[in-house]
2 protein chains.
Amino acid sequence: MADPIVFNGGVRGNWKVTRQQSVEGSGLADVAFVDRGTAADAAAAWTLSGVTSNLRYTNAAEKKILDATPSVLAKPGATRGALIPITKSAAWWGMAQDERRAVLEDRSQHIAIGSDYLSVVSRQLVHCRDQEGAQFDFLTWFEFAPENEARFDDLLAKLRATPEWGYIEREVELRLEKVS
Amino acid sequence: MADPIVFNGGVRGNWKVTRQQSVEGSGLADVAFVDRGTAADAAAAWTLSGVTSNLRYTNAAEKKILDATPSVLAKPGATRGALIPITKSAAWWGMAQDERRAVLEDRSQHIAIGSDYLSVVSRQLVHCRDQEGAQFDFLTWFEFAPENEARFDDLLAKLRATPEWGYIEREVELRLEKVS
């Protein structure tokens with residue numbers, strides 16, 4: 001139903017790649033730029049796309065906290081970004097809903113950890129798992145001011161140390177700088 | 001990630017349409033046959049497609065019951081079927097996970113009602129909400145023996161009487177007979 005959000009990796013784009021690494025599993029071809037838009041670019045080295053969707057684990061009390069600090073993209077000072085495509089394992093997807101929620105929040109505090117950074121890190125969760133032929137489950141997207149990059153590093157380190165991250169079988173990290 | 005499941009409505013196919021009705025919202029063009037396959041047919045009047053996915057609401061205890069009676073498609077005697085594409089409202093998708101679960105199961109017993117029919121109605125939930133340009137959220141698919149059609153009618157009537165169905169804003173029903 002939603003409009004696609006498309007990331008073209010290649011020689012041009014509205015975000016310059018400052019660092020690219022494979023965190024887990026196979027990487028993506030190295031690119032100099034990522035173009036965030038709404039259509040695939042045939043000249044791109046790779047194209048990833050997906051849609052925003054409904055909440056999957058967040059409960060009503062947690063949603064109130066999130067709604068109180070809406071994640072706004074394209075803030076004037078937020079000239080740093082990150083695109084982190086991830087794929088979770090068959091073991092993760094084979095669990096029942098309450099079992100996945102138990103790992104994600106009861107054991108990993110994913111939502112609680114993220115909430116501590118709402119004011120300094122804007123984020124968007126792009127879903128692609130249910131798209132035919134998609135190579136990742138999610139394309140996670142972040143924007144922040146240069147002075148908050150260290151806080152973003154903290155956020156990533158905390159999440160990667162959780163039990164939930166044991167279910168991540170592929171993760172690629174691209175750090176970005178907005179093209180002015 | 002998953003392979004697409006594709007339904008082409010038109011003048012040919014492996015299932016003959018015996019009845020077609022719009023239950024809620026706009027219908028689909030009337031067709032004589034539905035072809036269930038893996039690729040779009042350019043000659044079809046309409047094409048709907050999606051993928052199977054992970055459980056969204058089912059908890060571990062409920063999953064045990066479902067796993068004990070796996071839903072097997074293409075059983076020899078199951079020559080009757082139904083394709084019921086549905087779309088839920090923005091009010092549904094705007095709720096937090098626990099709020100949707102409360103409507104779906106605590107108030108509507110969707111999983112419990114369905115469990116009573118596992119042995120006589122094979123079913124498959126095809127997801128398309130997170131696909132770009134999809135016109136339905138789900139394509140629900142059912143197969144049963146002719147002598148169990150009345151039980152399938154019961155199942156539909158029970159589900160349509162639940163609070164959950166108040167959130168269905170589009171529903172089309174096609175009753176089918178397998179082409180031998």
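Order of the sequence lines sets the chain letters (A, B, ...), proteins ahead of strands, with each chain counted from 1.
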- Query: Considering all heavy atoms of both residues, which atom of D98(A) and which atom of A60(B) are nearest to each other, and what is their separation?
  - Reply: OD1-N, 2.9 Å

- Query: In this structure, are over 12 heavy atoms from other groups packed under 6.0 Å from R12(B) atom CZ?
  - Reply: no

- Query: Above 12 or not: heavy atoms from other molecules or residues under 6.0 Å from NZ of K64(A)?
  - Reply: no

- Message: Please classify the contact of S53(A) with chain B as side chain, backbone, both or neither, using a heavy-atom distance under 4.5 Å.
- Response: both

- Query: Should V6(B) and F136(B) be regarded as members of a common hydrophobic cluster, given that ILVMFWY residues are connected when their side-chain heavy atoms come within less than 4.5 Å of each other, either directly or indirectly?
  - Reply: no

- Grab the two heavy atoms, one from Q131(B) and one from D130(A), that are nearest each other, plus how far apart they are. NE2-O, 2.7 Å

- Connected via hydrophobic side-chain network under 4.5 Å: W46(B) and V11(B): no

- Item | Which portion of R101(A) sits near chain B, non-hydrogen atoms under 4.5 angstrom | neither

- Message: Could you tell me if the side chain of L55(A) sits less than 4.5 Å from the side chain of R100(B), heavy atoms only?
- Response: yes

- Highest number of heavy-atom pairs under 4.5 Å with chain B: which of M95(A), K63(A), R56(A), H127(A)? R56(A)

- Task: Identify whether V23(B) and V17(B) are in the same connected component of the hydrophobic contact network (ILVMFWY, side-chain heavy atoms under 4.5 Å).
- Result: no

